[in-house]
Amino acid sequence: MHNSTLQTFPGDPPVEELRSIPEIDHGPDLYLQYRGQRLLNLASNNYLGLAGSQSMKKAALQAVEKFGASSGASRLISGNYSLYTRLEETLCRFKETQASLVFGSGYAANLGILSALAHRKCLIFSDRLNHASIIDGIILSRATHIRYRHADVEHLSYLLQKQSSQAPKILITDTVFSMDGDRASLIDIVELCKKHKVMSIVDEAHATGVLGRGKGLAGELGLNREIDLHMGTFSKALGSYGGYAACSRAIRELLVNRARSFIYSTSLPPAVTGACLEGLQQVLKNPEQGRKLLDIARDFRSFLQNLGFDTLRSTTQIIPVIMHSSTKTLQAQKELMQSGIYVAAVRPPTVPAGSARLRLSLRADMGDKEIEMARQALINLSCRKFNNERR
Ligand SMILES: *Cc1c(COP(=O)(O)O)cnc(C)c1O
């Protein structure tokens, strides 16, 4: 390798803050293993605890028995199979759309959707805190990227009014923001899109399975039919893997013909597709699990706020606990491990400078014992913080 490949790029963190892969086992389970230690897992996106359930394992195994370990090709060649059709039919009933299309991952879905629907003469309006896969999709599309301040509908309205150009316009927003745990003002956003003739796309990665009896924020607000494309992932609350777009038949056809991350990539293996279908069916069968999780989260948030922690404007199962500096965040993560719980330490550039934080992902399979454990761990942390501040 030529040495210049290893040179520092602009934006790289200092050496002492380099990322590394933690030594974790059983990452989706309620208790994970970290360097041999058993810790309550408040770091995964397996919000409903579906990933390790018997029914999901069984669905994956049955699909392997019937179809084997791989799909063998892209879906447009010979990689299609009947489970795919069933999955997409179930998905469009769930999202109340005419059609749907499954992608290799949520990341691949955003890349494919945005580069297929936008070209270099388009304008894409995007919340400043949208997920990295959305930003990469916009870059790949070569459209003009117009960022509005996070969750600021007035700023969005101002930017839309300022644009007199006849260029095609697209708006895309996370519905639940992955690092702040707050929600997009979807009612106002949809209204603005209609007024300004903007195509609307929502990314429901963290909302699917949780909000709106599992249907996401659009479902909760009764907006399913008002939005042009619903994007999401099977890899979070739904306990499997893979991304999707739920939309009109016309948009689906366009994606099948233009989305390169769909066309030029092998389709999902049967084990994964089988688990996706089962995850979706579980949410349809038990739609109140999301509500239960949101209730746990609401109580936990007020508990944290009473301890004096800043949880930003979270209203969901994702709860940031602001520590400001990266050093403090890593220290707090370590202290919580000593109390038996594992949480994510999120630092710049994933979040803005000065807003390094712990990120708690609560889960519907927490019982009273786990909730009490988590409370005690955060009480310990707040005592130490208070003592340090007094000194
Ligand atoms: C996780 C996530 C994705 C990517 O989904 P994967 O299936 O993990 O690739 C896309 N958008 C948002 C908002 C996410 O949180």
Side-chain angles (χ1 to χ4, degrees), residues 21 27-28 43-48 50-51 56 87 91 95 100-115 117 124 126-141 147 150-151 170-184 186 189 200-211 216-218 227 229-246 255 259-262 265-269 271-273 275-277 279-280 290 314-320 344 346 349-351 357 359-363:
I21 301 171
S44 104
N45 302 319
N46 181 21
Y47 299 124
L48 303 178
L50 280 174
M56 293 288 277
L87 179 59
L91 191 62
K95 291 281 177 181
S100 76
L101 185 69
V102 173
F103 286 80
S105 68
Y107 187 90
N110 273 332
L111 254 53
I113 291 164
L114 288 162
S115 58
L117 298 182
I124 303 182
S126 162
D127 187 292
R128 201 170 264 182
L129 291 192
N130 273 347
H131 191 260
S133 57
I134 293 177
I135 296 165
D136 293 357
I138 296 172
I139 293 172
L140 194 60
S141 76
R147 303 195 312 166
H150 174 53
I170 294 176
L171 174 132
I172 181 159
T173 182
D174 287 16
T175 55
V176 168
F177 289 87
S178 36
M179 295 302 144
D180 286 29
D182 57 346
R183 308 175 192 206
L186 213 50
I189 288 176
S200 52
I201 304 180
V202 291
D203 179 337
E204 298 258 35
H206 294 282
T208 300
V210 180
L211 298 182
L217 182 59
I227 287 162
L229 189 148
H230 306 256
M231 175 273 164
T233 175
F234 293 102
S235 67
K236 289 169 181 156
L238 296 177
S240 179
Y241 189 76
Y244 64 81
L255 294 175
R260 293 164 67 88
S261 65
F262 171 82
S265 190
T266 301
S267 58
L268 287 173
V272 170
T273 318
C276 289
L277 187 57
L280 210 48
S314 160
T315 58
T316 64
Q317 76 280 10
I318 299 170
I319 309 181
V346 188
T350 306
V351 291
R357 67 195 67 179
R359 175 184 183 272
L360 276 57
S361 306
L362 301 191
R363 10 189 330 149

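When a ligand or atom number is given, it counts from 1 through the structure's own listing order.
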Heavy-atom check, side chain of [X] versus side chain of [Y], under 4.5 Å:
X      : Y      : result
Ile201 : Ile113 : yes
Tyr241 : Thr233 : no
Asp127 : Phe177 : yes
Arg359 : Val351 : no

Original post:
What's the verdict on side-chain contact (heavy atoms from CB on, under 4.5 Å) for Phe262 and Val102, showing C-alpha distance, side-chain angles and the deciding distance?
Top reply: CA-CA 8 Å; Phe262 171 82; Val102 173; over 6 Å; no
Original post:
For the residue pair Phe234 and Tyr244, is the inter-centroid distance of their aromatic rings smaller than 6.0 Å?
Top reply: yes
Original post:
Thinking salt bridges, do Asp180 and Arg357 make one under a 4.0 Å N-O criterion?
Top reply: yes
For [X], counting its heavy atoms only, list the atoms of ligand 1 lying under 4.0 Å from any of them.
X      : result
Lys236 : 1 (C), 2 (C), 3 (C), 14 (C), 15 (O)
His206 : 14 (C), 15 (O)
Asp174 : 13 (C)
Tyr107 : 4 (C), 5 (O), 6 (P), 9 (O)
Ala205 : 2 (C), 11 (N), 12 (C), 13 (C), 14 (C), 15 (O)
Ser235 : 6 (P), 7 (O), 8 (O)
Gly106 : 4 (C), 5 (O), 6 (P), 7 (O), 9 (O)
Thr233 : 5 (O), 6 (P), 7 (O)

Subject >> Protein heavy-atom partner closest to atom 13 (C) of ligand 1 - residue, atom, separation in Å >> reply: Asp203 OD2, 3.2 Å
**OP:** Consider ligand 1: state whether an atom of it lies below 4.0 angstrom from any non-hydrogen atom of Ser133.
**Re:** yes
